[in-house]
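The analysis underlying the following values was restricted to heavy atoms, covering all of them including side chains, and did not include hydrogens, waters or symmetry mates. Count residues from 1 along the sequence. Quick caveat: nothing in here was measured; it's all calculated off a predicted structure.
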Amino acid sequence: MTNRICVSILPKNVLEALNLIEKAESAHADLIEVRLDSLETSRKLSDLVSHTKIPLIATNKLLSEKGNFSGTETERQKTLFNAAKNGFEYVDLDYSSPKLKAQIKELSALGAKTIASFHKFDGSLSIPEMNIILEKQINSGCNVCKIITSAKQIEDNLSVLNFVSSNSSRANLVCFCMGEHGRVSRLLSPLFGAFFTFASLEQGSETAPGQMSIQEMKTAYTLLGQKL
């Protein structure tokens, strides 16, 4: 099994995004998540796509999702659809959106794959709770199901890894815990069948709590005897 790593970047402008994409390529990232919520303008997104052969994920997080986008929901969706029209391979959508199925259908028509994302920032979930979310994600027609919780203690990683192991054959599943205590599941989830995991480009450029750098992850996988 190949452990796929998605490097998440948070550029302020297109020029910085191009530079960060080059660095992610040099680090041999498998995917690159471009956080659009801090980008000054979403124009010229096609430049990012033409700059790399690595699949790009468009994400635009609201303030309520620990992101930086302060515009309206309509404006946020417009930015994501613009990314799809400009060739981004994946678009990350909020699982709780009442228009999720319609958005997935529209984005699929544009040729983009979709990620239905659920985040719990204040704690963990039980396996039955995660099963309910996964069922709804699968039924939405998305290409990737993403369920992210927060670890308050190291044991919280166990249920997530167990869930990934039991359900990775049902869907392209991305599932781990955020936070310092969640680093274990960030690292190990692909070993249990997760579609990919997230890393920062380097130490100090984390886009979410508990992220390891791609180099740290690759070093750990090598020590574990895993294929890169």
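Between L161 and L188 the shortest side-chain heavy-atom distance falls below 4.5 Å. K99 places none of its side-chain heavy atoms less than 4.5 Å from the side chain of Q77. In this structure, L107 and L80 have side chains that are not in contact, with every pair of non-hydrogen atoms separated by 4.5 Å or more. Residues L39 and L45 meet the side-chain proximity criterion, which asks for heavy atoms closer than 4.5 Å. Between F195 and I115 there is no side-chain heavy-atom pair separated by less than 4.5 Å. When side chains are defined from C-beta on, F163 does not count as touching L125, because their heavy atoms never get closer than 4.5 Å. Annotation: side chain of E33 is not in contact with side chain of F196 (no heavy-atom distance under 4.5 Å).
A pairwise comparison of heavy atoms in G193 and V164 identifies C-CG1, 4.0 Å as the closest pair. In plain terms, the two heavy atoms of A29 and V7 that are nearest each other are CB-CG2, 3.7 Å. For the pair A208 and R186, the tightest heavy-atom approach, listed with the atom from each and the gap, is CB-NH2, 3.7 Å. Residues C142 and A116 share a closest heavy-atom pair of SG-CB, 3.7 Å. Scanning all heavy atoms of the two residues, the minimum distance from M130 to I147 falls at O-CD1, 3.8 Å. The two atoms that bring N131 and R170 nearest to each other are OD1-NH1, 4.0 Å, heavy atoms only.
In the hydrophobic cluster analysis, where Ile, Leu, Val, Met, Phe, Trp and Tyr join through side-chain heavy atoms closer than 4.5 angstrom, I21 is grouped together with F88. Cluster membership for L15 and I9, using ILVMFWY side-chain heavy atoms within less than 4.5 angstrom, is not shared. In terms of hydrophobic clustering, with Ile, Leu, Val, Met, Phe, Trp and Tyr side chains grouped at heavy-atom distances under 4.5 Å, L158 and V174 are assigned to different clusters. Residues V160 and I154 are members of one and the same hydrophobic cluster, defined by side-chain heavy-atom contacts under 4.5 angstrom among Ile, Leu, Val, Met, Phe, Trp and Tyr. I127 and Y95 fall within a single hydrophobic cluster, where Ile, Leu, Val, Met, Phe, Trp and Tyr are joined by side-chain heavy atoms under 4.5 Å apart, directly or via other members.
Note: T79 OG1 to R76 CZ = 9.5 Å, rounded to the nearest 0.5 Å. Atom CD in E155 sits 11.0 Å away from atom SG in C177 (nearest 0.5 Å). Between the CD1 atom of I138 and the CG atom of N167 there is a distance of 7.5 Å, given to the nearest 0.5 Å. Interatomic distance, OG1 of T197 versus CG of L31, reported as 11.0 Å (0.5 Å rounding). To the nearest 0.5 Å, the span separating CD on Q137 from CZ on F118 amounts to 8.5 Å. I148 CD1 to M178 CE: the interatomic distance, rounded to the nearest 0.5 Å, is 7.0 Å.
A donor-acceptor contact under 3.5 angstrom links the side chains of H51 and E22, judged on distance only. A donor-acceptor pair shorter than 3.5 Å cannot be found between the side chains of E202 and S205.
Side chain of N172 to main chain of N143: a donor-acceptor pair is present (N/O by atom type, distance under 3.5 Å, no hydrogens or angles). A donor-acceptor pair under 3.5 Å links the side-chain atoms of S189 to the main chain of S185, judged by distance alone. Judged purely by atom type and a 3.5 angstrom limit, N157 uses its side chain to pair as donor or acceptor with the backbone of H181. Listed for the E16 side chain is a donor-acceptor partner under 3.5 Å among the backbone atoms of K12. A donor-acceptor pair is defined here as one N or O able to donate and one able to accept, closer than 3.5 Å; no such pair exists between the side chain of S46 and the backbone of N86. Counting only distance, with no hydrogens or angles, the side chain of N139 and the backbone of E135 share a donor-acceptor pair below 3.5 Å. Between the side chain of S165 and the backbone N or O of N162 there is no donor-acceptor pair closer than 3.5 Å.
Here R4 pairs with nothing under the salt bridge (charged side-chain N to carboxylate O under 4.0 Å, His left out) rule; sequence neighbours left out.
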Tell me, with the steps shown, if K152 and S124 meet side chain to side chain contact (heavy atoms under 4.5 Å, CB included).
CA-CA 8 Å; K152 300 300 183 183; S124 58; over 6 Å; no
Run E89 and K53 through salt bridge (charged side-chain N to carboxylate O under 4.0 Å, His left out) and show every step you take.
CA-CA 10 Å; E89 187 160 334; K53 293 182 178 179; over 6 Å; no
Take K78 and E75 through the test salt bridge (charged side-chain N to carboxylate O under 4.0 Å, His left out) and record every step on the way to the result.
CA-CA 5 Å; K78 184 178 179 181; E75 290 169 336; over 6 Å; no
Test log, rule side chain to side chain contact (heavy atoms under 4.5 Å, CB included), inputs V34 and T59
CA-CA 6 Å; V34 183; T59 303; over 6 Å; no
So K113 and V144, side chain to side chain contact (heavy atoms under 4.5 Å, CB included) or not? Walk me through it.
CA-CA 8 Å; K113 299 172 186 174; V144 180; over 6 Å; no
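Between F121 and H119, the ring planes lie parallel to each other; the angle is under 30°, not in the 30° to 60° tilted range.
For NZ of K120, the number of neighbouring non-hydrogen atoms (other residues, nucleotides, ligands) closer than 6.0 Å is greater than 12.
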